[in-house]
Amino acid sequence: MSSAPDRTAAAPRVAIVGATGAVGTTMIEIIEERGLRYSELHLVASSRSAGRKLTVAGREYEVQAIEEFDFGQADVVFFSAGTTVSEKWVPVATAAGAVVIDNTIAFRMDPDTPLVVPQVNAHELDRRPKSGVIANPNCSTIPLARLLRGIEDRWGIRNAVVSTYQAASGLGYSGVEELQESTRASLQGPDADFEPQHFKPALAFNVIPKIDRFLDSGFTLEEEKMLQETRKILGLPHLDVTTTCVRVPVANCHSESVYVECQSPVDRAELVEVLAALPEVKVHDRETVTAFPTPAVVGSSDLVHVGRIRATQNNPRAFWLWLVADNLRIGAALNAVQIAEELIERDTL
Ligand SMILES: NC(=O)c1ccc[n+]([C@@H]2O[C@H](COP(=O)([O-])OP(=O)(O)OC[C@H]3O[C@@H](n4cnc5c(N)ncnc54)[C@H](OP(=O)(O)O)[C@@H]3O)[C@@H](O)[C@H]2O)c1
């Protein structure tokens, strides 16, 4: 299915802020693939990209600088241009009457802003939010919340311990470019001229157990986001989830190692059934010895991939699993487009 302006029906006018970035570009692909209905499409970025031409569904669009864009021309605006851009421009967009779907941390914990993963809490979209904003959660939180929902509903969660293995594309195009440069420099040897800007120490042939800044608690902001956002999405304000977030030298797709202790004993076969029945989840369950998901195997995918499902030997209520999800699609652009689809379906724009 491909999307194109739909002038016959009451299709919304759509704008994408950050259209030239990793998330924005992926969003354009997903809008084309899924045939999201729009009557007008506006592509917005910084003045650096103003005038650039991008093709969407066979039509050419000129990128507009945010300072020049009239937000009154859009009914729904996707923001993926960084937190400071959202803090400044989202209020302008909502004041002009648009509903905003925001990919940054700026409004996620605002009580008047729903934090939505459509497979988990689409009911939050039944009415237009007081703030005019719907927040898209953190890229590692989205796939985790989707699995925890099914586990909570069946067994109740006592606590979860998560380690993430996050790809360089979590920092956008510049993250992937830096991983490539850093790898080339490492292969050239110690005299190579390379100074990391984003990943410190350099990410090539390395793993970095720090994403975003350290908090006084010793956790990082990324780890705190995963705790607070998971609680808000699941509507479980006391849920015990503790996380270590690690950057790994992978271009795209985040992975997570997840240990869950439930309120009641968990039968492994039933767990596999419960996970496989969740929407847009693929379970890889020992079909062959190599049948576990990895970023390179999963590639660009609209499914949350789950494998290595193991009952623990000493605790019948506990188990481990491994998940892999495309952070640019599931963790950002796809989730945002699915929110827009739900809004259109509910006529709450
Ligand atoms: N990457 C992920 O996996 C992921 C997941 C979830 C959420 N997010 C969030 O999504 C946002 C974008 O991430 P990304 O990975 O797409 O980054 P990116 O590849 O660096 O793209 C950034 C985009 O923002 C635009 N931009 C930058 N400064 C701007 C300004 N002052 N005014 C208007 N537009 C501006 C850029 O436009 P120019 O081309 O003009 O510079 C570009 O289109 C970030 O807030 C990020 O935290 C990312």
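Bear in mind the structure is a predicted one, so any value in this text is a computation, not a measurement. One-based numbering, in listed order, for ligands and for the atoms of each.
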task: Name the option, out of Cys253, Gly331, Ser169, that contains the heavy atom nearest to atom 2 (C) of ligand 1.
output: Ser169
- prompt: Which ligand 1 atoms are under 4.0 Å away from a heavy-atom of Thr104?
  reply: 45 (O)
field: From Gly21, Ala81, Ser140 - option closest to atom 24 (O) of ligand 1 by heavy atom
entry: Ala81
field: Selection from Gly170, Pro137, Gly172 by shortest heavy-atom distance to atom 20 (O) of ligand 1
entry: Gly172
- request: Would you indicate whether Arg13, at its atom CZ, is surrounded by more than 12 heavy atoms from other residues, nucleotides or ligands within a distance under 6.0 Å?
  value: yes
task: Evaluate the ring planes of Phe71 and Phe79, with Trp represented by its six-membered ring, and classify them as parallel (under 30°), tilted (30 to 60°) or perpendicular (over 60°).
output: parallel
Contacting atoms of ligand 1, where contact means under 4.0 angstrom from a heavy atom of Ala45: 33 (C), 34 (N), 37 (O), 40 (O)
message: What's the separation between atom CG in Asn327 and atom CG in Asn252, rounded to the nearest 0.5 Å?
response: 4.5 Å
- request: Give a yes or no on whether a salt bridge exists between Asp212 and Lys225, defined as a side-chain N under 4.0 angstrom from a carboxylate O.
  value: yes
- prompt: Can you tell me which residue and heavy atom of the protein come closest to atom 31 (N) of ligand 1, and the distance to 0.1 Å?
  reply: Val85 CG2, 3.6 Å
message: Can you confirm whether some protein heavy atom lies under 4.0 Å from atom 38 (P) of ligand 1, or whether none does?
response: yes
- prompt: Below 4.0 angstrom, N of the basic side chain to O of the carboxylate: do Glu224 and Arg213 qualify?
  reply: no
query: Going by atom types only, do Glu223 and Gln228 share a side-chain donor-acceptor pair under 3.5 Å?
result: no
